[in-house]
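Right, one structure below, let's go through it.
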Amino acid sequence: MSEGPVKRDFFGSRFGVIAATAGSAIGLGNIWRFPYVAGENGGGAFLIIYLVFVFLIGIPVMLSEFTIGRSAQRNAFGSFKKLAPGKPWYFTGLMGVAAAFMIMAFYTAVAGWTLEYLYQSVINGFSGLSSAQMNSMFYDFIGSPLRPLVWFFGFMAITASIIMAGVQKGIEKYNKILMPMLFVLLVVLVVRSVTLPGSMGGISFLFKPDFSKITASTILEALGQAFFSLSIGMGTLITYGSYIQKKENLGSTAFSVAIADTLVAVLAGLAIFPAVFAFDLVPNSGEGLVYITLPNIFQQMQGGYFFAIAFFLLLSVAALTSTISVLEVIVAFFSEELGIKRRQATMLSVVLTSILGVFTVLSFNSMSGVTVFGLTIFELLNFTSANILLPLGGFLIVMFVAWYMGKENARKELSNNGKLKVKYIPFYVFAVKFIAPLAIAFIFLQGLGLIHFS
Ligand code: PHE
């Protein structure tokens, strides 16, 4: 297809494509959400189901996003408008941009907490605190507006400055440095954690398949985790796909990214649970696990000062490579649809997402009383994006490729116009026509509470 009137930037190398896409996928979702969700849902058994979903549904959705983005050479909204002119499919792209706004707002708020904790690690701020004090340290911090706001804007500014530098000189360049760094830090932490005396409990907590804990809702949890973790369903990978050169192999890229994302989730579990068990702590949930339990552990552990810095640095890096990809969805949309420069588009996106972001940060303190359907602003954005917009978007994306674009167009894009062998096409087509839409319809209905599994 023609390049169109807009001159587009692109990823310069295969490694750059994988680093950027894996950078998007690997984030807070892997490092604090996955270990806890897996632990609560039968450990090893959950892991097996999660893996099946990543390969059966995640990779097909990812490939569909790449196919749409690379063939259209446009942002998430513009891609649908270009491939299906005059048809309402562009609504899928609009929904993706809306999801990006919401995720950017609450994800950057949490990423900001990570910067505070990195700072506390550096100044040795956890030293001598009891578990109870560690707990109040966290809630005092998110409960007062000023510091979380400062960190929020700090994180937003770092994200924006990388985006402004461009696709190749910004996004690709930093991901190529940050992703290997993340991997090294994670491996160091895993080695430390699994060699602690008493760490075995954590290893079996994570890996021992406990099939009695598997219920229908566990299965849906695994599916939801796969979606959020792989960054699929909102056009992040349509946007990144539009920067992938025509000579790259989309199939092997999707496969490598899915493996890297899963590997990091498992390594994060291996870094966290053995340490939690070694220090006789209860595997706590969500935000508490990372921000309360871990500083507790670092404080008691030899060399904890350095491991704390390494961990929060790792978490910040992982979050940054994800916020870059979320903001880029909005920046590409504004820049191409309004015909403005990347710099201006970035500033506009930052201003608009920050408005929503400020409300999100305040929803932990001065605005905690403001609720919609009983949810705070943070919870509402989190719920609406993850439980409604991502599944619905993923559903429409696979339906678009399966029933509108068609098998032959998809084959052409995935095989680079016949140059690559794509033996997986029959399976891919079956997955996007049937397996993925049906499974996604399940999470969506469950998320809305329209159907209930015990
Ligand atoms: N995949 C990212 C994570 O696991 C979050 C994300 C979701 C990023 C959707 C982009 C789009 O942290």
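The residues of the chain are indexed from 1 along the displayed sequence. Below, all heavy atoms of this structure are taken into account, side chains as well, without hydrogens, waters or symmetry copies. Whatever order the structure lists ligands and atoms in, that order sets their numbers, starting from 1.
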Give the C-alpha distance, both sets of side-chain angles, the deciding distance and a yes or no for side chain to side chain contact (heavy atoms under 4.5 Å, CB included) between L270 and I203.
CA-CA 7 Å; L270 272 177; I203 296 173; 4.2 Å; yes
Take E172 and N175 through the test side chain to side chain contact (heavy atoms under 4.5 Å, CB included) and record every step on the way to the result.
CA-CA 5 Å; E172 179 175 354; N175 270 296; 6.0 Å; no
Report the C-alpha distance between S252 and R14 in whole Å, list the side-chain angles of each, state the deciding distance to 0.1 Å, and finish with yes or no for side-chain hydrogen bond (donor to acceptor under 3.5 Å, both in side chains).
CA-CA 10 Å; S252 72; R14 180 176 150 73; 3.3 Å; yes
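The one candidate from F364, F312, W151 that meets the ring-ring contact (aromatic ring centres under 6.0 Å, His included) condition with W113 is F364.
Residues S316 and L118 share a closest heavy-atom pair of OG-CD2, 4.1 Å. When all heavy atoms of T360 and A105 are compared, the closest pair comes out as OG1-CB, 3.7 Å.
For atom 12 (O) of ligand 1, the closest heavy atom belonging to the protein is Y107 OH, 2.4 Å. The nearest heavy-atom contact from the protein to atom 6 (C) of ligand 1 is S231 OG, 3.7 Å. At the top of the distance list for atom 7 (C) of ligand 1, counting protein heavy atoms only, stands F228 O, 3.5 Å. Here the heavy atom of the protein found nearest to atom 11 (C) of ligand 1 is T236 OG1, 3.5 Å.
Aromatic rings of Y291 and Y117 (six-membered ring for Trp) have centroids within the 6.0 Å cut-off, being under it.
Taking any N or O of A25, backbone or side chain, at least one lies under 3.5 Å from an N or O belonging to ligand 1. Taking any N or O of L230, backbone or side chain, none lies under 3.5 Å from an N or O belonging to ligand 1. Residue L28 has at least one nitrogen or oxygen atom sitting less than 3.5 Å from a nitrogen or oxygen atom of ligand 1, judged on distance alone. Considering backbone and side-chain atoms together, S325 places no N or O closer than 3.5 Å to any N or O of ligand 1. Looking at ligand 1, you won't find any N or O of V326 less than 3.5 Å from one of its N or O atoms.
Within the 4.5 Å cutoff, side-chain heavy atoms of T262 are placed close to those of Y50.
Near N30, meaning under 4.0 Å from one of its heavy atoms, ligand 1 places the atoms 4 (O). Of all the atoms in ligand 1, the ones that sit under 4.0 Å from a non-hydrogen atom of S229 are 1 (N), 4 (O).
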